[in-house]
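Take a look at the structure set out below.
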Amino acid sequence: MRFAFNEEQEMLRDAIRVALQREAGLDKIRRWVDAADLSPFDACAVGNAWVGIGVAEELGGQGGGRVEQALMFEELGRAVAPSGVLLAGAGGALGFAVRLPGGAEFLREVLDGEGTGVLCVPAGRPADEGALQVQVAGGRLSGVIPMVLEAPGASHLLVPLPSGDGLDLWLVPDGGSDVDIKPRRMIDRTRRFGDVRLQQAKGIRIGRLDRGAAQDANAVIALLVAAESLGLARRMLDMTVEYVGQRVQFGVPVASFQAVKHAAAEALVDIEAAHSGVYYAAWALQEGQADGVLHAWIAKAFATEAAVRTADRALLLHGAIGYTWEHDLQLFYKRAKLNLELFGSPRSYRERMAEVLALH
Amino acid sequence: MRFAFNEEQEMLRDAIRVALQREAGLDKIRRWVDAADLSPFDACAVGNAWVGIGVAEELGGQGGGRVEQALMFEELGRAVAPSGVLLAGAGGALGFAVRLPGGAEFLREVLDGEGTGVLCVPAGRPADEGALQVQVAGGRLSGVIPMVLEAPGASHLLVPLPSGDGLDLWLVPDGGSDVDIKPRRMIDRTRRFGDVRLQQAKGIRIGRLDRGAAQDANAVIALLVAAESLGLARRMLDMTVEYVGQRVQFGVPVASFQAVKHAAAEALVDIEAAHSGVYYAAWALQEGQADGVLHAWIAKAFATEAAVRTADRALLLHGAIGYTWEHDLQLFYKRAKLNLELFGSPRSYRERMAEVLALH
Amino acid sequence: MDFRDAAEDAAFRETVRAWLESEVPRLGPAPDKLEERVEWWRPWQRRLYEAGYAGLAWPREYGGRGASVLQQAIFYEECDRAGAPDRLDVIGAGFAGPTLIEHGTAAQKTRFLDRILTGEDLWCQLFSEPGAGSDLAALATRATPDGDGWRIDGQKVWTSAAQVAEYAILLARTGEGERHRGISFFILPMRQPGVDVRPLRQMLGGAEFNEVFLDGAHVPGDLLVGQLGGGWKVAMSTLGYERAAIATGRVNTLRLLDELIALVRDTRGADGLPLGQDAFVRQRLAELYTRMTLQRLTGKRILSTLAEGGAPGPEASTAKLFTTPLVEEICDFALSVIGIEGQEEPADMDPARAKWLRLAYQARGTSIAGGTTFIQRNILAERVLGMPRD
Amino acid sequence: MDFRDAAEDAAFRETVRAWLESEVPRLGPAPDKLEERVEWWRPWQRRLYEAGYAGLAWPREYGGRGASVLQQAIFYEECDRAGAPDRLDVIGAGFAGPTLIEHGTAAQKTRFLDRILTGEDLWCQLFSEPGAGSDLAALATRATPDGDGWRIDGQKVWTSAAQVAEYAILLARTGEGERHRGISFFILPMRQPGVDVRPLRQMLGGAEFNEVFLDGAHVPGDLLVGQLGGGWKVAMSTLGYERAAIATGRVNTLRLLDELIALVRDTRGADGLPLGQDAFVRQRLAELYTRMTLQRLTGKRILSTLAEGGAPGPEASTAKLFTTPLVEEICDFALSVIGIEGQEEPADMDPARAKWLRLAYQARGTSIAGGTTFIQRNILAERVLGMPRD
């Protein structure tokens, strides 16, 4: 039994951290947000081959598994990087397609190594519920999928349609008049969302996932959001400890007040628990352990709530300065609040846990 | 608009406080508990005519209304007095009977100024649900009512039986072989409980309360439990502030640590809110305001939870000494935990509130 | 103990209600931008003034109504009920005016008080500084003698409405001693070259507050309030008025709960059933309803004590600590009902929904402003419970 | 990262499981009274010793097994699973023995260590005093030179198992300096006239702890451990072993959750429907299940770090703060499911239900013992987050 990361994992983490500092520092992220153009980060993700982390080498990926992917998302969270493209693309579309025989290759071929394939589901619900409001007839899809993560800018949409006990996966190219994507702005401006309207859109059915496979695929997405929230929380705590150590009130550093120390300590308690949950879930999903999906739900529910609690503690401990646009805390704060709801609220995952626990 | 108590109310409160200190101090209560005989307090309640507070003078009471009754119960809580007889008798049986034309006079006559009439309902549920497991045939009652407050020692049981939308009130004398009362010991040894088994017990139907009247009668009981919990909480906070002011650790009084001060401050926030709820509800019930019942539920749910939170804060701040039998905190702690469930848990009253709020 | 209006208060309520019912509907919609809203608000304030409703709390000799605390509360309850405009003169009429009435010279009173009530002059408050937040006595802005007055140099922050204010109440160091001993209280004319107001964007993007840079700003000699070096005492009066305003509360939690209940009624759960049938939602809503009720009742207690001329009791010190997390939790719960769509840019949202997000953030601001939660708990423990200082 | 047992650990688990499965069923029921339970437990401990399972963590040269941290954990997991008796030698084998191995003389090792492992000697710990709880260095018990040894006078408190212990580890002041500089560490024979053990009833009525009055108790000269006046350093070793034991946790929260789920399955709500259908109950249970899971996983992290010889990371310092409220909340929730009948005298209750009440109270005791929550948070903030001292 070994919980720790191995040396390669630590090197990977350090490499990602350094690259993010260099290529996606907070000053850059602010510039991208001000220009309402996150594409420089997409290029950075491609340039560093992050899209391929956790994707098998034979599929053109960088290898590694869920643990490496989770490590990357923790770093993305620490940097509050515009990680949507990695979540909706590599985590989402590829994560779904890879579970079909030949699905990932097909997706790669269609995308031709260029565009971005995005998982086309309402981002406020677990992804394995699929796109509920879409009908299909004669190979053409019609309906609206609201709040699709990274829909603006995607070249292809992977639409999972509920069918019996599972999901049919349809690939729909964007660009034609039969696909309309209306961007939606969020208070977290480091994420792109859009409402997708399909009007007799031509699609290709690339296969079918049964319920278990769909749950597995969603569990990875839940895990990655949890890992990102863990990274957000760690960074917010670091920022806070640093700030209260410097800020002087009543002649002493704010950090020397017991109530301040206790709030920081409680945040750390939250964070270390979230860490345990995130990395066990990553390992269990990677190894196909029977309890992997349940633990991904646990990680999602807890880590996103822990990050929100940390965000509020950080705001309180920063005092008024943290409440300003100029202070970087707001970037992390907003992402933490968004991640709480992203791909399923804590409540929705707790309801699933209760189902598994067979309480009646 | 005036929230404050008037002068008579303050005098009444002071008189009760002094009498409790003199006649039912903690040393005495411990002695009664050790001897498993709370009857000295019953005598004290009769001697001070507390049974009659909140009962109209024409019924032989002392006059005053719900505010005076609530003030008394706050003092009973402060003193952790064995108040069950006042709750199940004056608050319960008389509170129910008084709502019938001639009901209170009838009850007094039957009791002949001597015995104790007790409301015979399961003490873990709101009293207006009545005694659910009892059948009646030919004027005889059969069934079990578990956990009846103050059943041991009662001379008469007032049994409310659900009937249509309301409650039929039956008066059953104790003492015969058709009534069996099995005492149950609680960890709060300052309260008496018993399971009542009626075997073809002869009863007299003294009247019927419709649903509204039954709710009103229960609301008064809920109010009195809330007021008592408020008193418990105030006393526990007082004890704690005094203790941490004296106890020295690391060369300074424990009270000077910020975390200790903050915990005490939070307890006070709870307590003052509970106070507002208890006394508004008392006034509204007294004046027959339409929102009286709802506010009694609010007071019960909040004040009993606030007292439990205060109990746990007090225990933490006392450290190990508070965890001993010899320290008086345990008496208050246990009563606070019991009151949480007594005549309906906070959850059950919140469910009733949700019903009133018509959420769907 | 009686929660009904006394006869004369009931009559006052009737009169106010009738007046508001005839006046409020004649108002057009409030502009979003503060500068425009001020111009829209001024005629309304003038009407309040003419009807005798400006300066409710002020003595009659200074143009006020000398209304009882209860009648003040009735007036604002009725304003809420009628949807009357938000007050823009809180600092002038609420804090600066009463401070001048208490500590100002006759000339200052004559010059400033009436124009506050008519809405001609708006005021702002220049107390906080970057290095002096909770610890106000650490302020560093300097006032140095300059001709017949003072020259002011320094930086203030968290100043609301500075861009529309004609005057400010200002704390600056005149150097008689350390910390609170060396501070004086001034009236600063805002429309002058040495005063540079820069909006401070808050985290949602709007500019509720400003930074104010004072670089050789001039205060004439007759605009010192109280004694030279005696500004701390004057400031404590001001902060007392501010605390009272915060304690009696300006967030209408009853209305929030009504809106939250309406939101729940309009929502279905993931299972397609009405959300209001869900036991978790029912428990949570009932709990928030409970706390809202207690918060309002505590407000009545405070009013009742003030109305009888008493000093506010412990409940007044607990009110903010009780209210702040309540408002946050009401908003957070509403946002959880709305789901991810509650995180949209508020400018793009249905206003009824955008409100929850805005208020959720504002509530966090409130828990920082006017003394953080930590400071409030210290005060409560030390002053009310008599526990020792750290 | 791999959560499966390595091959040799898996083999060890198999062996232990088989041994326990054959041995545990031969045990009769454990007596309630501590004195009787000790006599019942001694033969069991002897069998453990003979099978090589006593002193799992101790070096082989002192009669231990020198087992890895992981194998120790496996052993206790299997004991839980098999329902093996609770350990009565935690202080001897867990804290006192390792302290002697580290700091004791050769003679002390020879004389005491083996008898700890065989169960012949039970030990207790005389550190806490009425005036020195969280602040151990404030202790006042005196050791004065007396012939070839010391005379001990003072009072200790919160001592578990003092009435059945043959020896105690004792801290007393030998006067070399103030606070922690003047303290020495002794072995005290408990069965002597100067030692008076009085049970301390805890709030539920039972006697988990004792007061120990030391009035001219004698410690022979060869029972000083470490340097004279150097007891603080030795005590820190002991407390380190104690903290590690608490951090890796002895409350089986997984079993608690299983029992809580069974309780919910057996219960109907006021509406007559199964309680497990109630959305509020479902949310609460799932939340407790979540935290239980994370608590156990954090335990594995700590073990993993210790197994690799590393110093425990920040997660070890957070473990107690995470666990304590969790256990309290699990118990409180179970009690709320049971309702008012959960407040009955536990001796009169169905044992499966009485357990919740007892554990609810015990959990409060735990949050006080071994450093209160407040002290733990201070430690975390100062040592892990590097924040300044108060």
Side-chain angles (χ1 to χ4, degrees), chain A residues 1-6 9 67 237-238 240-241 244-245 252-253 255-258 260-277 279-284 286-287 289 291 294-295 297-299 301-302 305 346-347 349-360, chain D residues 1-6 9 70 73-74 257 261 264-265 273-279 281-287 289-291 293-305 307-308 310 313-315 317-319 321-322 374 376-382 384-390:
Chain A
M1 201 277 295
R2 183 174 197 274
F3 203 125
F5 303 122
N6 61 33
Q9 287 165 337
V67 176
L237 179 57
D238 289 351
T240 303
V241 170
V244 295
V252 292
S256 64
F257 291 108
Q258 203 180 28
V260 170
K261 290 199 283 187
H262 286 196
E266 282 299 280
L268 184 64
V269 170
D270 257 349
I271 286 170
E272 292 303 334
H275 178 105
S276 302
Y279 289 103
Y280 178 81
W283 175 82
Q286 178 60 31
E287 296 295 319
Q289 299 284 312
D291 61 0
L294 176 63
H295 280 80
W297 298 347
I298 286 174
F302 189 87
E305 285 191 335
R347 263 186 73 205
Y349 284 110
R350 281 196 287 263
E351 174 53 34
R352 287 179 171 211
M353 287 178 223
E355 202 56 41
V356 170
L357 296 177
L359 300 182
H360 59 97
Chain D
M1 190 164 271
D2 191 341
F3 291 85
R4 288 168 289 226
D5 286 338
D9 291 340
L70 292 183
I74 287 169
L257 253 294
I261 290 167
V264 167
R265 282 191 193 128
L273 297 173
L275 196 62
Q277 288 180 3
D278 180 293
V281 171
R282 293 168 75 78
Q283 286 290 318
R284 189 81 180 110
L285 245 174
E287 198 230 324
Y289 187 87
T290 295
R291 287 160 62 193
T293 304
L294 300 179
Q295 185 249 349
R296 291 176 62 82
L297 290 172
T298 301
K300 285 189 192 290
R301 263 173 89 193
I302 298 169
L303 273 178
S304 165
T305 309
E308 301 191 14
E315 68 278 8
S317 318
T318 64
L321 285 168
F322 192 78
F374 292 158
Q376 297 278 333
R377 287 197 191 123
N378 274 358
I379 291 172
L380 202 54
E382 291 167 10
V384 179
L385 295 174
M387 295 169 83
R389 298 189 151 268
D390 290 335

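Below, chain A is the first sequence line, B the second, and so on; all start at residue 1. Only a predicted model underlies this, so the values are computations on that prediction, with no experimental measurement involved.
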Looking only at non-hydrogen atoms, find the nearest pair between [X] and [Y] and report the distance.
X	Y	answer
Phe3(A)	Ser304(D)	N-OG, 2.8 Å
His360(A)	Pro274(D)	CB-CB, 3.8 Å
Leu294(D)	Gly277(A)	CD2-CA, 3.3 Å
Ala255(A)	Pro388(D)	CB-CD, 3.5 Å
Met1(D)	Phe5(A)	CE-CE2, 3.5 Å

Which atoms of [X] come close to chain D, meaning under 4.5 Å heavy atom to heavy atom: side chain ones, backbone ones, both, or neither?
X	answer
Val269(A)	both
Ala282(A)	neither
Glu305(A)	neither
Tyr349(A)	neither
Ala273(A)	both

Can you check whether [X] reaches [Y] side chain to side chain, under 4.5 Å on heavy atoms?
X	Y	answer
Val356(A)	Tyr289(D)	no
Glu287(A)	Arg4(D)	yes
Leu303(D)	Met1(A)	yes
Arg350(A)	Arg282(D)	no

**Report entry** Arg291(D) versus chain A, the contacting section by heavy-atom distance below 4.5 Å
**Finding:** side chain

Report task. Check each atom of Leu70(D) against the heavy atoms of chain A and say whether the ones under 4.5 Å are side chain, backbone, both or neither. Result -> side chain

Query raised in the report: Can Glu382(D) and Lys261(A) be said to form a salt bridge (Lys or Arg N to Asp or Glu O under 4.0 Å), step by step?
Result: CA-CA 8 Å; Glu382(D) 291 167 10; Lys261(A) 290 199 283 187; 2.5 Å; yes

Report task. Under 4.5 Å, counting heavy-atom pairs only, tell me which of Thr293(D), Val281(D), Leu297(D), Leu285(D) racks up the most with chain A. Result ->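 Max contact count across the listed options: Leu297(D).
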
Requested in this report: For Arg301(D) and Glu272(A), indicate whether the former's side chain and the latter's backbone hold a donor-acceptor pair under 3.5 Å.
Outcome: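 Pair found, side chain donor or acceptor close to backbone of Glu272(A).
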
Atom [atom1] of [X] and atom [atom2] of [Y]: how far apart are they, to the nearest 0.5 Å?
X	Y	atom1	atom2	value
Ile271(A)	Thr318(D)	CD1	OG1	10.5 Å
Arg389(D)	Ser256(A)	CZ	OG	12.5 Å
Thr290(D)	Trp297(A)	OG1	CH2	11.5 Å
Glu287(D)	Arg347(A)	CD	CZ	13.0 Å
Leu268(A)	Arg377(D)	CG	CZ	12.5 Å
Gln295(D)	Ser276(A)	CD	OG	10.0 Å

Query raised in the report: In terms of heavy-atom pairs under 4.5 Å with chain D, which of Asn6(A), Leu237(A), Val244(A), Val241(A) leads?
Result: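 Of Asn6(A), Leu237(A), Val244(A), Val241(A), Val241(A) has the most heavy-atom pairs under 4.5 Å with chain D.
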
Query raised in the report: What residue in Met353(A), Gln286(A), Arg352(A) has the most heavy-atom pairs under 4.5 Å with chain D?
Result: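 The answer is Met353(A).
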
